[in-house]
Visitor: 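My structure is below; once you've seen it, I'll send some questions.
A, B, ... follow the sequence lines: proteins, then strands. Residue 1 opens every chain.
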Amino acid sequence: MRCMKTRAFLLDVESTSLRGKHALRLFLKDEKTKRSFPAYDNAFKPYYYLLPKGDFKAVAKKIVSLKVRDRGKEFGATSVEEVERVIGRKRVQLLKVFAQDPLHVPKLHEATKEFGQSYEHRISFAKRFLIDNGLFPCSLCEVELDGRMIKSIKPIESPAQPEFSTLAFDIEVYTPANAPNPAKDPVIMISAASPGDSPMVISYSKKFSADFVETVPSEKAAIERFCELLREKKVDLLCSYNGDAFDLPYLRERSKKIHASFYPGRVLSNLRTRQAGIRPVTRVPGRIHYDVYPVVDFLDTVGAVRLPRMTLGHAYAEILGKQKTDINKLEIHKAWDAGGAALEHLAKYNLHDSVACLELAQHTLSLEVELSRLSGETLFDTSRSTTGQLVESLLMRRSFERGEVIPNKPKEPEVQARQQNPIEGAYVKTPEAGVYENLAMLDFKSMYPSIIISHNIDPFALNCDCCSKEAHVSPQGHKFCSKIKGLVPTTLEEIIDARRAVQAQMKKTPKESNEYKQLYARQWGLKILANSYYGFLGYARARWYSRECAESTTAWARHYIKQAIEQAEKAGFKVLYADTDSALLQFKPGEEKKIEEFRKSVNSLLPERMELELEDFYPRGIFVSKKQGDAGAKKKYALINRDGKIKIRGFELVRRDWSRVARRLQRSVLEVLLKEGDVKKAKEMVLKVIVELKSGKTPLEDCVIYTQVRKKIKAYEIMSPEVSALQKAQEAGLPYGEYSTIGYVITRSGKSISEKAQPIELAKDYDADYYVNNQVLPAVLKILGALGVDAEDLKTKGTQKGLGDW
DNA sequence: TAATTCGCTAGACCGA
DNA sequence: TCGGTCTAGCGAA
């Protein structure tokens, strides 16, 4: 029974070799038996396109006979075909140049440069395979197998999703010196957690009383036991937190050092770590290594969560609202040496890291699976992708389906030129500081996507030959075809329509069901994709970058919001504020109904796809002035709705680079003012906090300021508190790498603020004057000022010694 | 090598 | 020691 036909989920694809020749290794999971297995394809051949300049046949002939030398080996194109494709909007004849090996493609491209322009020569082979076969990862396909070889594979339309056999792990390393060094520092514990099983820790040479610890004879045995565990559990999804950069490479290096056999994969291939931009990426052959760290980072950038720091503990707390066992990193090796309770605590900590990682993986998986199915990237890639990569992947697929040649990535000088020439963005109206009542916030539903669709904003619909008067003309004069819909608006419209359909389906589905969760994840993924289109059009490295498209999108946005503001004023409302796609209107008491009439009149003038919505009514709201001058501050306001729910934007209290003591007080002050309008009470709260700070009773944790250090330390021109604190932390051997977020306290010792900054791990005291004058007072003075409180009065009274009068 | 621009604010730096 | 300018980070949309 060597030949068989089956239905299976496509889990992953990777480029590999088979008997010395290139091949693709797919990981499949049988729908019925739930067995995961590798299968190979060596029939699919790499290729790229060439648009020849000069005589077509002559060029084809030259390429066929071309020989390229690389590392002592000679090769050429295996064949050349004439094909018809679309570039931009033009049908053209192209040469499709096939290669024997994916590695030959870039070499052939170099060698054929003189004959014309190459296309699609920088698409990875695995991606090429997926696109050309119309296969979607995490989806079902029909496979015909001859032993391990794939005879045919076809996608199956089905909403079914694979169930993964999942395991999360985490390691602890003995690091008495500074940074962990695999040449010297042993792995002392490996923990593992999988659904339905009790989590466990593998360790050695020490006595543990906890029954979750499995003791083996040595470090080597521990590493090998871990690999064995992965085989026993037949793990599909191996979860880690930063396993890409730390746990997996460390285990590999350590295994080399101590001659442990380290094969955590499903096949006997080694781990592969490659540098993907700023961070490394590690593949475990035959399993999907799901690193939760980049997933959390992604959620942070799309605004789904906001983390003070990117640690596992912070992610666990912010995303799942749970606390896990903590330990001071500097104490780990001491706990190992000390044994007893300290060692038990370390084991527990190690255990909880795997448990937390597993829970976070499970929580985020449905979204990532949906994004993978939507973008067509493997789950491995998707979970490490940025929004730009997702949009690009999707467009590449749809481009292929339409017979369009995928545009090349821009070369570096072009990227630079684009970056130096940014486009004009949104319109923001300056508010006047003060307290206002009877407010309504209106906003355009999915403004940028709806503009792109409505006006057919697409790089290849720009300046078409077919339209003259009937073309969409942007406020800046760019013309977009009104007859043939472009790739960008088409795919975007599909996304929006799909999201509507999913949302409709959700209404018919019980909220607690699995199906509902899946639908929720799907509409969320679709929303993320839709919202990323505009940024992608203006992204300098994008294959579909178009200055004209991006600037037309924002120009139309400015036009529509300003038009709405004008209409609102004509209708008798006061427009207090507007930003990009929203406007805050003030109405006369009891005239809520007029808002709805106004909204309808605006919508009657809009293109069909665009819509102004009522976001909410707000009985009261506060705007403050800028720190310098009397002008109202943009992007900074607080509103309270009829249910007493407060919406706060831009204030220090939403910023992680402000101390908790200042943020908490600012929130309380805003709440009291919005809910009760009690200025006196607010003033008293401020003074209470100041007194506490001055008395030294404020907990140090409330004084921590978190700031990310976003460049290499050497690259800084200016010494800032965060850079200074990071340096001090690194000197003390704390595990802060480059680009990390540092939590620091301004202490009493030192002259400049940078000198006074100490990492929280090392800080012993705080500088009360700094927290009063540079944190608490700036956070509340502008707010109280907006209510007519004499801010200066509070400041002098507050900072004077004699607070007894209050 | 990995989505955009607009806007606020801090703290350092620098010259008077 | 001041005020202006600049670098840098973070948030709004």
Visitor: Between A:T364 and A:Y290, does a side chain to side chain donor-acceptor pair (under 3.5 Å) hold up when you go through it step by step?
Guide: CA-CA 10 Å; A:T364 55; A:Y290 187 79; 2.8 Å; yes
Visitor: When we call it a touch if two heavy atoms are under 4.0 Å apart, what does A:N774 touch: a base, just sugar-phosphate, or nothing?
Guide: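 Sugar-phosphate contact only.
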Visitor: Within the pair A:K634 and B:dC8, is there a side-chain N or O less than 4.0 Å away from OP1 or OP2?
Guide: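 Indeed not, no polar side-chain atom of A:K634 lies that close.
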Visitor: Which residue pairs pass the side-chain hydrogen bond (donor to acceptor under 3.5 Å, both in side chains) test when at least one of the two sits in residues 372-389 of chain A, sequence neighbours left out?
Guide: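 Applying side-chain hydrogen bond (donor to acceptor under 3.5 Å, both in side chains) to every pair that reaches into residues 372-389 of chain A, excluding sequence neighbours, yields A:D244-A:R384, A:H289-A:R384, A:E377-A:T382, A:E377-A:S385, A:E377-A:S393, A:T378-A:D381, A:T386-A:Q389.
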Visitor: Just jot down the salt bridge (Lys or Arg N to Asp or Glu O under 4.0 Å) partners of A:D769, sequence neighbours excluded, or say none.
Guide: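 So A:D769 forms a salt bridge (Lys or Arg N to Asp or Glu O under 4.0 Å) with A:K694.
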Visitor: How would you label the contact of A:K626 with the nucleic acid (heavy atoms, under 4.0 Å): base, sugar-phosphate, or nothing?
Guide: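 Sugar-phosphate, no base atom in range.
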Visitor: Near A:E412 CD, under 6.0 Å, is it more than 12 heavy atoms from other residues, nucleotides or ligands?
Guide: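 Enclosed: over 12 neighbouring heavy atoms sit under 6.0 Å from CD of A:E412.
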Visitor: Roughly how bent is the helix from B:dT4-C:dA13 to B:dA16-C:dT1 end to end, in steps of 10 degrees, with each end axis from five pairs?
Guide: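 End axes: 0° apart.
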Visitor: List for me each residue that meets salt bridge (Lys or Arg N to Asp or Glu O under 4.0 Å) alongside A:E717, sequence neighbours excluded, and say none if there are none.
Guide: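 Listed in chain order: nothing, the list is empty.
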Visitor: Any salt bridge between A:E615 and A:K647, counting N to O under 4.0 Å?
Guide: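 Here A:E615 pairs with A:K647 in a salt bridge, since their nearest N and O are under 4.0 Å apart.
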Visitor: Excluding sequence neighbours, so at least two apart, what forms side chain to side chain donor-acceptor pair (under 3.5 Å) with A:T491?
Guide: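 Checked A:T491 against side chain to side chain donor-acceptor pair (under 3.5 Å); matches are A:Y533.
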Visitor: Donor-acceptor pairs are to be reported for all side-chain atoms of residues 439-446 of chain A against protein atoms at under 3.5 Å, with residues two or more places apart or in another chain.
Guide:
none

Visitor: Please enumerate all residues that pass side-chain contact (heavy atoms from CB on, under 4.5 Å) together with A:A317, with sequence neighbours excluded.
Guide: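 If we apply the side-chain contact (heavy atoms from CB on, under 4.5 Å) test to A:A317, skipping adjacent residues, the hits are A:Q323.
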Visitor: Who are the salt bridge (Lys or Arg N to Asp or Glu O under 4.0 Å) partners of A:R667, not counting sequence neighbours?
Guide: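 In terms of salt bridge (Lys or Arg N to Asp or Glu O under 4.0 Å), with neighbours along the sequence ignored, A:R667 is linked to no residue.
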Visitor: Pull out every residue in residues 293-302 of chain A that has a heavy atom closer than 4.0 Å to any atom of DNA chain C, ordered by number, or say none.
Guide: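 Within this stretch, nothing sits under 4.0 Å of the strand.
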Visitor: Between B:dA2 and C:dA13, how far is it from one P atom to the other, in whole Å?
Guide: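 Taking atom P in both B:dA2 and C:dA13, they lie 26 Å apart.
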Visitor: At under 4.0 Å between heavy atoms, how does the protein contact nucleotides 6-13 of chain C? Give one character per nucleotide, 5' to 3', with B, S or -.
Guide: -SSBBBBS
Visitor: Check this for me: does any side-chain nitrogen of one of A:E414 and A:R418 sit under 4.0 Å from a carboxylate oxygen of the other?
Guide: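 Looking at A:R418 together with A:E414, the answer is yes, because their closest N to O distance falls below 4.0 Å.
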Visitor: If the threshold is 4.0 Å, N to carboxylate O, is there a salt bridge linking A:D579 and A:K635?
Guide: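 Counted as a salt bridge, because a side-chain N and a carboxylate O are separated by less than 4.0 Å.
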Visitor: Can you list, by residue number, the residues of residues 531-542 of chain A that have a non-hydrogen atom closer than 4.0 angstrom to DNA chain B?
Guide: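 The answer is A:Y534, A:G535, A:G538, A:Y539, A:R541.
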Visitor: Looking only at the side chain of A:A633 (C-beta and beyond, no hydrogens), which of the listed nucleotides B:dC8, B:dA3, B:dT1 gets closest?
Guide: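 Of B:dC8, B:dA3, B:dT1, B:dC8 is nearest to the side chain of A:A633.
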Visitor: Report all interatomic pairs (protein N or O, nucleotide N or O of nucleotides 14-16 of chain B) with separations under 3.5 Å.
Guide:
none

